[in-house]
*Asks:* 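Quick one: this structure, given as structure tokens, is what I'll be asking you about.
Quick note: numbers below take in every heavy atom, side chains included, and nothing from hydrogens, waters or symmetry partners. Residue numbers start at 1 and run along the sequence shown.
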Amino acid sequence: MVSGADLDTSSWTPRVGPTRLSSRRSQSQSQSHSFSSSWFRSKRTKLLIPLFALLASFCFVNWFMLLRLQHQHDPVPKPPPLRSSSVSLSLQDKKSPKGNYARMLALAAHALAENKREPKDLWLEPFVPASAWRPCADQRNWEPNDGKNGYILVTANGGINQQRVAVCNAVVVARLLNSTLVIPKFMYSSVWRDVSQFSDIYQEEHFIDYLTPDIRIVREPPKELQSLDLEAIGSVVTDVDMEKEAKPSFYLKHILPIILKNQVVHFVGFGNRLAFDPIAFELQRLRCRCNFHALQFVPRIQETGALLLKRLRERSGLIGPLDHYLVGPFAESIKEKSGNNAKKPSKYLALHLRFEIDMVAHSLCEFGGGEEERKELEAYRDIHFPALSLLKRTTKLPSPSELRSEGLCPLTPEESILMLAALGFNRKTHIFVAGSNLYGGRSRLVALTSLYPKLVTKENLLSSAELEPFANYSSQLAALDFIGCTASDAFAMTDSGSQLSSLVSGYRIYYGGGRMATIRPNKRRLASIFVKNSTIEWRVFEQRVRKAVRQTKHVQSRPKARSVYRYPRCKECMCRTD
């Protein structure tokens, strides 16, 4: 019996019966077929051997080039070891921070090796609608306030950015209550460990002079008030005593009587304790005037900030559109000693990685480190956030996976760099990383520098001698990050809840003239994409990330009750030209 698999059905025809001739022909054909098959197999073997060799060579070369791409570094200064946090970082030394993203990082490296052209709008804002707004918070329509009701003292908590918001809120409260503002004090924090005060960061004289048409400001309260026990007389008001984002009516009802009675009130903490709505037009404008005009960094910070910008732009001599607002007269030094400015201006992207240990611990999220990571972050919370630790132990809170799905976890360095690669920033992009004191130390920068070798921090660009005056002053170092981010050609935030990102974004809107591109990722959408990191193809990942970011890249007026520091496009802060 002959199976159908053994037949050449293309030449087969039915036979009536066997004959001697047919038998001989069949034998002859069989011999001929046997010879032909043997010859064909020999020929095919000879052809397949070089074909397989060529294919193997191609695979080896492709693998070798990908390996080189992931590990080679352009000749740029190597990042120095980052300052360690107060909690041991041994966990990151034991386990690669790439975690579950090793596959995606390899795909990103392959995509960047193709050196595709960047999308046309990558470095741009929607110019026409964005340029229709111009700054006008410097306009006034009232008489100066004499501050005769009493004195307002403020001791602001948090880091430099939270303190900046508290200062401007205090200015508004002083005007609202017709009181004299004493130059605010900054509270020492076990997290930030910085003893800097107002005059160490901001120009005190300019602050007083610029706001004189609005409120009365003094450096110290009268001596008779300095000797009072403010807590004993009921003049100390903490954050526990008032709700977050309290309305002006609260101050008029509860705080003004204290001032009229004791001639003084002392706000301790004052974190986000003034609402954005409802509030009178001129008071809201005063808020913007304080943030965008009255607060200027001291010359020492401006001078070093100008040096940072000069090196970020590779000494091209280019003065950016925001430089004068950020570094004042030192902006001119950026173009000094730069020859004939023949060098092509260098664009750079600023990336704010809000992945310091305080943010990681406070988020209550998990980042792939298992039980050891959980114990480490819990120990940090016990020391620095005891109220949060207690709440976590006594209350059922959303799980880490639920927090992540809601977009409430900070993007990791790996997720941030994958986002940039998916958006289309090419491998040669100059990237300035702010907030470089990352949880996990220098090892967390490995994924970033493997994809983008021209990645730097202020610690790379400034010498030890240039940074020495700011050593142990985290707020003053953060001011340098603020300058580097705000002046950048494009700015990518990784945590929309970050005060630095909010202030930088608002500053770029206010003074940028519609030309300062800002990337504002929707972390909830990104979370739904990153959760598929073990199976998703790069092309699909790229398309979904671009769509998620593109949906946030539009010009909008300030939403109701949202921060004017982040969304200054409102009639109180900016004016429309159309």
Side-chain angles (χ1 to χ4, degrees), residues 135 137-138 140 144-145 147 152-156 158-172 174-175 180-187 192 194-221 270 285-310 319-320 322-334 458 466-467 469-470 473-487 499-500 503-504 506-508 510-511 565 568 573:
D138 55 337
R140 294 177 172 90
N145 188 311
I152 292 178
L153 283 64
V154 175
T155 302
I160 181 177
N161 302 297
Q162 292 90 334
Q163 291 165 349
R164 185 184 184 109
V165 171
V167 167
C168 292
N169 287 347
V171 167
V172 174
R175 175 74 196 204
T180 298
L181 177 66
V182 179
I183 289 290
K185 302 289 185 183
F186 294 157
M187 186 184 298
W192 301 105
D194 186 351
V195 297
S196 297
Q197 291 301 319
F198 187 95
S199 60
D200 298 316
I201 301 172
Y202 301 111
Q203 296 180 34
E204 196 172 274
E205 196 69 37
H206 173 79
F207 178 74
I208 295 173
D209 291 345
Y210 194 85
L211 293 175
T212 293
D214 302 302
I215 63 171
R216 181 170 177 253
I217 305 175
V218 296
R219 290 181 171 83
E220 297 288 345
F270 207 59
R285 175 163 287 186
L286 176 59
R287 213 176 203 167
C288 296
R289 186 152 57 244
C290 171
N291 182 55
F292 298 115
H293 296 273
L295 291 175
Q296 293 187 359
F297 294 124
V298 294
R300 185 163 56 98
I301 293 176
Q302 287 185 334
E303 183 177 18
T304 306
L307 187 61
L308 177 66
L309 296 181
K310 186 174 185 177
I319 297 180
L322 272 62
D323 291 4
H324 284 287
Y325 303 109
L326 293 166
V327 299
F330 295 97
E332 294 301 316
S333 67
I334 294 174
K458 59 183 178 295
E466 290 162 343
L467 284 171
F470 308 101
Y473 297 106
S474 61
S475 290
Q476 296 177 46
L477 288 168
L480 296 177
D481 278 337
F482 180 90
I483 291 171
C485 287
T486 307
Q499 285 280 19
L500 184 140
L503 292 170
V504 166
Y507 213 92
R508 290 165 65 83
Y510 189 79
Y511 284 119
Y565 308 120
C573 297

*Asks:* Is the backbone N or O of Gly147 less than 3.5 Å from a side-chain atom of Thr180, with the two atoms forming a donor-acceptor pair by type?
*Replies:* yes
*Asks:* Taking the side chain as every heavy atom from C-beta outward, state whether Cys290 and Val172 have any pair of such atoms under 4.5 Å apart.
*Replies:* no
*Asks:* Going by heavy atoms in the side chains, are Asp138 and Tyr210 under 4.5 Å from each other?
*Replies:* yes
*Asks:* Would you call Ile208 and Arg219 a side-chain contact if the rule is heavy atoms closer than 4.5 Å?
*Replies:* yes
*Asks:* Could you state the interatomic distance from OG1 (Thr155) to NZ (Lys185), rounded to the nearest 0.5 Å?
*Replies:* 8.0 Å
*Asks:* Decide yes or no for Pro144 and Arg216: does some side-chain heavy atom of the first lie under 4.5 Å from some side-chain heavy atom of the second?
*Replies:* no
*Asks:* Would the distance check show the side chain of His293 and the main-chain N or O of Cys288 forming a donor-acceptor pair, the cut-off being under 3.5 Å?
*Replies:* no
*Asks:* Given the side-chain rings of Tyr510 and Phe292, with only the six-membered ring counted for Trp, is the space between their centroids under 6.0 Å?
*Replies:* yes
*Asks:* Does the pair Val298 and Gln476 meet the rule for a side chain to side chain contact (heavy atoms under 4.5 Å, CB included), with working shown?
*Replies:* CA-CA 10 Å; Val298 294; Gln476 296 177 46; over 6 Å; no
*Asks:* Just verifying a value: how many Å separate Leu500 CG and Gln162 CD, rounded to the nearest 0.5 Å?
*Replies:* 9.5 Å
*Asks:* Just do the side chain to side chain contact (heavy atoms under 4.5 Å, CB included) check on Phe207 and Val167 with the steps written out, would you?
*Replies:* CA-CA 11 Å; Phe207 178 74; Val167 167; 3.9 Å; yes
*Asks:* Which atom pair, heavy atoms only, marks the closest approach of Gln499 to Val165?
*Replies:* OE1-CG2, 3.8 Å
*Asks:* Does any N or O in the side chain of Asp200 come within less than 3.5 Å of the main-chain N or O of Gln197, such that one atom is a donor and the other an acceptor?
*Replies:* yes
*Asks:* Looking only at non-hydrogen atoms, find the nearest pair between Ala174 and Leu181 and report the distance.
*Replies:* CB-CB, 4.1 Å
*Asks:* Count the heavy atoms belonging to other residues, nucleotides or ligands that lie under 6.0 Å from OH of Tyr511, then report whether that count exceeds 12.
*Replies:* yes
*Asks:* Using atom types as modelled and distance alone, determine if a side-chain donor or acceptor of Gln163 lies under 3.5 Å from a backbone N or O of Gly158.
*Replies:* yes
*Asks:* If every non-hydrogen atom of Pro299 is compared with every non-hydrogen atom of Gln203, which pair is closest and at what distance?
*Replies:* CD-CG, 4.3 Å
*Asks:* Which atom pair, heavy atoms only, marks the closest approach of Ser199 to Glu204?
*Replies:* CB-OE1, 3.5 Å
*Asks:* Centre-to-centre under 6.0 Å for Tyr325 and Tyr507, is that the case here?
*Replies:* no
*Asks:* Work out which heavy atom in Ala166 is nearest to a heavy atom in Ala156; give both atom names and the distance.
*Replies:* CB-CB, 3.7 Å
*Asks:* Between Ile201 and Phe186, does a side chain to side chain contact (heavy atoms under 4.5 Å, CB included) hold up when you go through it step by step?
*Replies:* CA-CA 11 Å; Ile201 301 172; Phe186 294 157; 4.2 Å; yes
*Asks:* Who pairs with Ala479 by side-chain contact (heavy atoms from CB on, under 4.5 Å), at least two apart in sequence or on another chain?
*Replies:* Ile160, Phe297, Ile301
*Asks:* Report the distance from atom CG of Leu308 to atom NZ of Lys458, rounding to the nearest 0.5 Å.
*Replies:* 8.5 Å
*Asks:* If you measure from CG on Leu309 to OG on Ser333, what distance do you get to the nearest 0.5 Å?
*Replies:* 9.0 Å
*Asks:* Run the numbers on Phe330 and Asp323 for side chain to side chain contact (heavy atoms under 4.5 Å, CB included), then give the verdict.
*Replies:* CA-CA 9 Å; Phe330 295 97; Asp323 291 4; over 6 Å; no
*Asks:* When you measure from the side chain of Glu303 to the backbone N and O of Arg300, does any donor-acceptor pair fall under 3.5 Å?
*Replies:* no
*Asks:* Looking at every non-hydrogen atom in both residues, tell me the closest pair between Lys310 and Ile334 and how far apart they are.
*Replies:* CE-O, 3.6 Å
*Asks:* Please say which of Ile217, Leu153, Val154 ends up in a side chain to side chain contact (heavy atoms under 4.5 Å, CB included) with Val182.
*Replies:* Leu153
*Asks:* For the residue pair Arg164 and Tyr565, would you count it as a cation-pi contact if the rule is NZ or CZ under 6.0 angstrom from the ring centre and within 45 degrees of the ring axis?
*Replies:* no
*Asks:* What do the steps show when you test Asp214 against Arg140 for salt bridge (Lys or Arg N to Asp or Glu O under 4.0 Å), and what is the final call?
*Replies:* CA-CA 8 Å; Asp214 302 302; Arg140 294 177 172 90; 3.0 Å; yes
*Asks:* Could you tell me whether the side chains of Arg287 and Asn169 share a donor-acceptor contact shorter than 3.5 Å?
*Replies:* yes
*Asks:* Any side-chain heavy atom of Leu477 within less than 4.5 Å of one from Leu467?
*Replies:* yes
*Asks:* Would you say Arg508's side chain and Thr486's backbone share a donor-acceptor pair under 3.5 angstrom?
*Replies:* yes
*Asks:* Hey, could you give me the OH/OG distance between Tyr202 and Ser196, rounded to the nearest 0.5 Å?
*Replies:* 10.5 Å
*Asks:* Taking C-beta and beyond as the side chain, do Glu332 and Ile319 meet within less than 4.5 Å on heavy atoms?
*Replies:* yes
